[in-house]
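Take a look at the structure below.
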Amino acid sequence: QVQVVESGGGLVQAGGSLRLSCVVSGRTFSRCTLAWFRQAPGKEREFVSLISRSGGSTSYADSVKGRFTISRDNVKNTVYLQMNSLKPEDTAVYYCAADDRRTNYGGYTVAEYAYWGQGTQVTVSS
């Protein structure tokens, strides 16, 4: 059984930082493309960042580029999202997603991921 468990959310002032973590078990972690999505109240879930199976390639939404950094540890079966210079508009529930079916780089949409965590709330106050 696949488990995807996020942690690290919380309340932070604008300009602050948070680091999200996500542990994936039940699949061969090194074969998984991993991503972070977020969903603000009343909005659709949107892509934030993804990382390739090896960790050698990453992508970011324009809204977070230069502020967020995704990384993975294939020994600890963990993916991270370091979020710096946080803004009130970053407030959302952040979801970790994993999928081991892809053989090429990509995965920018919700439909491309089979496994999801329950989400962790990030709130940025102004």
Side-chain angles (χ1 to χ4, degrees):
Q1 185 176 355
V2 180
Q3 286 193 320
V4 180
V5 181
E6 305 101 333
S7 62
L11 173 64
V12 65
Q13 288 188 335
S17 298
L18 283 174
R19 187 176 82 155
L20 306 183
S21 300
C22 171
V23 178
V24 180
S25 59
R27 307 299 291 182
T28 303
F29 186 80
S30 61
R31 294 181 182 175
C32 291
T33 297
L34 302 164
W36 289 95
F37 287 76
R38 67 186 182 186
Q39 188 167 18
K43 295 187 176 181
E44 293 189 351
R45 195 169 298 188
E46 65 175 5
F47 169 79
V48 174
S49 182
L50 78 91
I51 189 166
S52 64
R53 292 181 291 177
S54 69
S57 297
T58 58
S59 295
Y60 299 92
D62 287 344
S63 58
V64 307
K65 202 170 293 184
R67 300 188 297 123
F68 290 12
T69 302
I70 191 171
S71 61
R72 66 188 291 163
D73 185 331
N74 284 356
V75 174
K76 295 182 178 180
N77 287 7
T78 303
V79 58
Y80 305 97
L81 186 68
Q82 177 67 45
M83 306 185 295
N84 298 329
S85 302
L86 283 161
K87 305 175 181 179
E89 51 263 44
D90 293 319
T91 295
V93 177
Y94 283 70
Y95 295 92
C96 177
D99 199 281
D100 57 359
R101 298 168 295 177
R102 174 175 295 279
T103 57
N104 59 330
Y105 182 73
Y108 301 90
T109 66
V110 170
E112 295 176 272
Y113 292 88
Y115 310 111
W116 291 84
Q118 293 299 307
T120 185
Q121 177 71 46
V122 171
T123 303
V124 184
S125 63
S126 57

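- Side-chain N or O atoms of Y113 include one that pairs as donor or acceptor with a backbone N or O of G107 at under 3.5 Å.
- Hydrophobic clustering keeps V122 apart from V5 (ILVMFWY residues linked when any side-chain heavy atoms are closer than 4.5 Å, directly or through intermediates).
- Dense packing is recorded around NZ of K65, with more than 12 heavy atoms of other residues, nucleotides or ligands lying under 6.0 Å away.
- Note that NZ of K87 and OG of S126 are 14.0 Å apart. Values are rounded to the nearest 0.5 Å.
- A distance of 11.0 Å separates CD of Q39 from CD of Q121, quoted to the nearest 0.5 Å.
- W36 CH2 to I51 CD1: the interatomic distance, rounded to the nearest 0.5 Å, is 11.5 Å.
- Linking Ile, Leu, Val, Met, Phe, Trp and Tyr residues whenever their side-chain heavy atoms come within less than 4.5 Å leaves V24 and Y80 in two separate clusters.
- Not a single donor-acceptor pair under 3.5 Å links the side chain of Y95 to the backbone N or O of E6.
- The backbone N or O of G15 lies less than 3.5 Å from no partner atom in the side chain of S85, so there is not a single donor-acceptor pair.
- Between L50 and E112 there is no side-chain heavy-atom pair separated by less than 4.5 Å.
- Of the possible donor and acceptor atoms, none in the side chain of N77 sits under 3.5 Å from a partner among the backbone N and O of V23.
- Residues F37 and L81 do not share a hydrophobic cluster, clusters being chains of Ile/Leu/Val/Met/Phe/Trp/Tyr side chains in contact below 4.5 Å.
- Residues V4 and C22 have side chains in contact (heavy-atom distance under 4.5 Å, counting atoms from C-beta outward).
- Proximity of M83 to L20: side-chain heavy atoms (C-beta onward) are separated by under 4.5 Å at one or more points.
- In this structure, F68 and S49 have side chains that are not in contact, with every pair of non-hydrogen atoms separated by 4.5 Å or more.
- Not a single donor-acceptor pair under 3.5 Å links the side chain of Y115 to the backbone N or O of C96.
- Using a 4.5 Å heavy-atom cutoff, the side chains of V2 and W116 are not in contact.
- Two different hydrophobic clusters hold F47 and Y94 under the rule that ILVMFWY side chains link at heavy-atom gaps under 4.5 Å.
- Here the shortest heavy-atom pairing between N84 and S17 reads OD1-OG, 2.9 Å.
- Judged by distance alone, the side chain of T91 and the main-chain N or O of V124 form a donor-acceptor pair under 3.5 Å.
- Residues S21 and K76 have side chains not in contact (no heavy-atom distance under 4.5 Å, counting atoms from C-beta outward).
- R72 places a side-chain N or O within 3.5 Å of a backbone atom of S52 that can act as its donor or acceptor partner.
- Expressed to the nearest 0.5 Å, how far CG of D100 lies from CG of L34 amounts to 10.0 Å.
- With hydrophobic clusters built from ILVMFWY side chains whose heavy atoms lie under 4.5 angstrom apart, V48 shares a cluster with I70.
- Between the side chain of N74 and the main chain of R53, a donor-acceptor pair closer than 3.5 Å is present.
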Self-check item: Derivation and outcome, side-chain contact (heavy atoms from CB on, under 4.5 Å), residues Y60 and T69
Solution: CA-CA 8 Å; Y60 299 92; T69 302; 3.9 Å; yes

